[in-house]
Amino acid sequence: MDALRVEGLRAGYGDGPDVLVDAGLDVAPGEVVALLGASGSGKSTLLRCVAGLHPLRSGRVRIGGEDVAHVPVQARGIGLVFQDHALFPHRDVAGNVAFGPRMHGLDATSTEERVARALADVGLSHLAHRAVDELSGGEQQRVALARALAARPRLLLLDEPYGSLDRPLRERLAGELPSLVRGEGIGAVLVTHDQQEALRAADRIGVIVRGEVRQLDRPDALWRDPIDADVAAFLGVGVLLDVDVADGVAHGAAGPLPLPGALRTAGGPATLLLPHSALRLHGTGRATGGHEGTAVLTATVVEVRFAGDHHRLEARLASGDVVSVRVDDAVALPAPSTIVELTVRMEALRRYPRA
Amino acid sequence: MSRRGRAALLAVGPLVLLAVLFVWPLTLVLVRGLGVDASPLAPVRDVLLDPYLRGVAGFTLRQAVLSTVLTLIVGLPVAAVLSRLDFRGRRTIEAATLVPFVLPTVVVGTAFVALLGRLSPVVDLRRTTAAILLAHVFFNVSVVVRTVGGLWRHLDDAPVLAARTLGATPLRAFLHVTLPRLRPAIAAAATVVFLFTFTSFGVVLILGGPGRSTIEVEIHRATAQLLDLRTAAALSVLQLAAVVATLVTYDRTRRRQAARPLARAALAVRPLAGARDRTAVAGVVLLLAVVQGLPLLALLERSLRVGDGWGFDHYRTLGAPTREAVLSVAPALAIRNSLTIAAVATLIAMVVGTLAALAAVEDGRWGRVMDGALMLPLGTSAVTLGLGLLLAFRSGPFAGRGALLLVPLAQALVAIPFVVRTMTPVLRGIDDRLREAAATLGATPRRVRQEIDLPIVSRAGLVAAGFAFAITVGEFGATIFVARATNPTVPVAIHRALGLPGEVNLGRAMALSVLLALITGLVVTLVDRVRVGAVGRF
């Protein structure tokens with residue numbers, strides 16, 4: 001049974017237009033699903049709808065198989081972690097964590113046990129009796145997580161929980177999330193705009209664009225096969241070229257590209273995704289010009305940067321788009337302003353209808 | 001009813017009170033002082049032509065400038081150490097520097113009588129400018145520590161390090177990099193200290209003497225001893241003009257300051273490293289012990305000194321009336337008076353302040369009007385306020401200085417702004433996400449009100465009431481004008497006992513001061529305990 005299933009969700013504010021348009025989502029027990037989207041894309045609203053903090057215009061939300069349309073927020077069995085934590089300022093750390101067990105009517109002894117376990121799970125046992133405003137941002141985040149988990153929710157919702165933290169801490173906390181969620185056997189939805197965070201934490205990632213979950217998939221599949229140009233653009237997979245297809249060849253400002261069989265379906269205007277990962281510097285590595293399934297584009301070198309274990313070449317295509325090409329061979333790096341040839345692995349191209 | 005309508009309705013009470021207790025009395029002071037009915041400005045001209053009063057004005061300015069400079073000299077090193085270095089006991093010391101600031105001015109004056117007066121264990125500095133300056137430093141160091149230290153703690157170290165790598169010595173780096181960045185806080189602290197010391201009343205009344213009178217003290221003398229209300233009013237006008245001029249100048253300079261980038265606190269504070277840091281900490285602790293600790297110790301010691309030994313005699317006899325005085329009242333009665341009056345004043349301040357805060361919550365524009373209007377009494381000196389109340393209520397429904405409600409009403413006026421400032425943010429909005437968080441954790445709407453709204457609002461109320469009580473129980477400047485002679489409050493009784501001869505009276509003044517200090521300290525400590533997050537911080 002799904003930990004969460006959302007179907008055909010529509011919601012908005014006041015008399016305004018729909019912020020969520022036919023949004024759908026499913027989460028399995030023990031799974032972390034990240035919802036990625038630009039700010040204003042509706043991802044936080046989706047979370048609030050699931051929590052019962054925002055009314056639906058239509059659609060259905062099932063938590064653990066149960067339709068929660070008429071279940072008030074306090075009875076939904078969810079743990080919600082807020083962006084700036086929303087810790088209760090008038091209670092200390094243990095008092096915050098004990099809140100859920102107390103509301104569920106647990107006696108003092110069981111409450112204490114739950115608090116102790118939840119604090120141990122997030123590594124904060126030593127801070128139980130501190131005032132929450134004395135904690136660092138990372139500690140506050142852990143308290144918020146412990147507070148949500150101590151209530152034994154069926155579903156954990158996290159709304160940009162690491163937004164106020166610096167990058168290393170953010171990635172470490174995101175990396176700790178999957179094991180906590182698996183340990184509890186519950187599902188979790190992590191709303192974020194940060195791809196690194198989503199990649200760290202999530203089993204599957206949903207991309208939300210203009211109020212719609214366009215694609216929900218494993219990260220590798222998502223990056224390999226973006227379902228539309230919006231998703232591809234949001235993920236930054238590559239450059240999008242406006243082309244006209246005629247006789248199996250895409251004609252655009254970047255130069256002609258013969259399309260592989262699968263993309264030749266029909267002629268006419270199209271948007272072509274040219275993934276950065278599909279490009280190699282001509283004459284280097286495996287891909288050399290003229291091979292089966294490759295094509296060649298010319299580009300002007302903008303700069304060459306060392307990126308840790310390889311170099312990246314930034315080059316401007318004839319269309320003006322700048323592509324980023326991985327260069328494994330550091331021997332023959334081209335100088336800026338020189339013109340180079342790039343081989344394109346054709347099977348990696350994706351074709352979308354022109355917007 | 002519209003929100004604005006409701007806000008207006010809520011604001012009626014506070015504004016009527018303000019009009020009756022502040023605007024009208026102040027108008028009477030201005031009319032008298034400016035001599036509108038006779039030849040315009042004649043009273044002020046007479047004051048300015050009087051060599052004695054010109055001397056008073058000169059002394060007021062001189063002592064205020066000297067006090068401000070001395071307070072900065074003492075306060076800046078303390079601020080530096082407390083805000084830049086982390087060491088055990090730092091928070092305790094920081095809290096201790098605040099103690100003198102919450103003490104009633106009469107207690108401060110008495111503490112310095114104990115330290116520097118007759119039978120002083122240190123040196124007899126009675127009736128000297130030095131005593132006044134030292135008391136002012138004692139009182140105001142915390143202003144510098146809080147204001148300048150608050151900014152200093154958040155200053156990023158990088159520019160100083162940059163200057164050092166460019167060849168600046170530590171001193172030059174401080175003078176050319178750190179000091180300019182601290183300037184806004186130093187200017188703010190200096191302005192506040194200058195205003196406090198320029199309008200200093202209790203301290204100067206007790207520690208000053210002939211030739212060492214401030215405008216504030218002279219207003220009181222003209223009213224209470226010479227019955228010259230015309231001169232008193234003219235002095236009030238001059239004082240008011242000086243205060244307004246100071247504030248306008250400060251505001252002008254402040255506007256020219258650009259905002260500067262700040263680092264987070266954790267970056268700036270570092271643990272002690274090396275002998276220099278330890279010496280700095282030791283030096284500051286010693287400085288504070290002498291400047292702030294010694295007077296309080298002397299007060300305690302003098303309150304316990306009986307003949308050549310020590311005992312609780314002065315405390316025990318607080319129940320008996322003073323034999324030597326004509327209008328003798330038992331100090332114990334003053335304590336009862338003070339507590340009752342402060343409780344009533346607190347109640348009034350809470351009701352009026354909460355109404356004003358509710359109006360502010362209903363409508364932002366009314367909020368700004370209320371906030372500005374209710375802050376006005378704070379900007380006016382307490383003595384001017386007292387004089388105005390005296391002028392306004394000599395006859396009419398509140399006839400007679402003893403009118404029962406006038407004292408608590410006058411005190412409430414001073415406490416209301418603090419209540420408004422504490423209650424408004426809490427009433428405006430408990431962060432909705434706290435309620436949502438409670439709901440997701442299983443709280444029903446009723447439990448949410450019980451567990452979130454009620455505790456937070458009631459704690460803010462406790463904080464506001466505590467502050468109001470601490471302010472009113474020690475209020476002296478306005479009270480001394482309106483309190484009935486046979487029904488004094490503790491500060492008034494202390495002042496009176498200090499003026500009487502004999503060791504018994506002095507001992508009683510000391511004992512009363514210790515008690516008043518304890519009451520104030522206790523209330524402020526309790527307030528600090530129940531404070532929630534940023535609620536109630538000024």
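Just so you know, these numbers come straight off a predicted model, no measurement behind them. Naming convention: chains lettered A, B, ... in sequence-line order (proteins, then strands); numbering from 1 in each chain.
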Under a 4.5 Å cut-off applied to non-hydrogen side-chain atoms, are [X] and [Y] in contact?
{"X": "B:E451", "Y": "A:H90", "value": "no"}
{"X": "B:E436", "Y": "A:F82", "value": "yes"}
{"X": "B:L434", "Y": "A:P89", "value": "yes"}

For the residue pair [X] and [Y], what are the closest heavy atoms and their distance?
{"X": "B:L441", "Y": "A:A148", "value": "CD2-CA, 4.2 Å"}
{"X": "A:H104", "Y": "B:G442", "value": "NE2-CA, 4.0 Å"}
{"X": "A:A86", "Y": "B:A437", "value": "O-CB, 4.2 Å"}

Within 6.0 angstrom of A:H129 NE2, more than 12 heavy atoms from elsewhere: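 Open: at most 12 neighbouring heavy atoms sit under 6.0 Å from NE2 of A:H129.
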With only heavy atoms counted, which part of [X] is less than 4.5 Å from chain B, the side chain, the backbone, both or neither?
{"X": "A:R147", "value": "both"}
{"X": "A:L87", "value": "backbone"}
{"X": "A:A151", "value": "side chain"}
{"X": "A:I78", "value": "both"}

Separation of A:F88 CZ from B:R435 CZ (nearest 0.5 Å):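 Between atom CZ of B:R435 and atom CZ of A:F88 there are 11.5 Å.
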Rounded distance [0.5 Å steps], CG in A:L155 versus OG1 in B:T440: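 Going from CG on A:L155 over to OG1 on B:T440, the span is 11.5 Å.
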Region of B:R433 in contact with chain A, defined by heavy-atom distances below 4.5 Å: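 It is both, since atoms from each part get that close.
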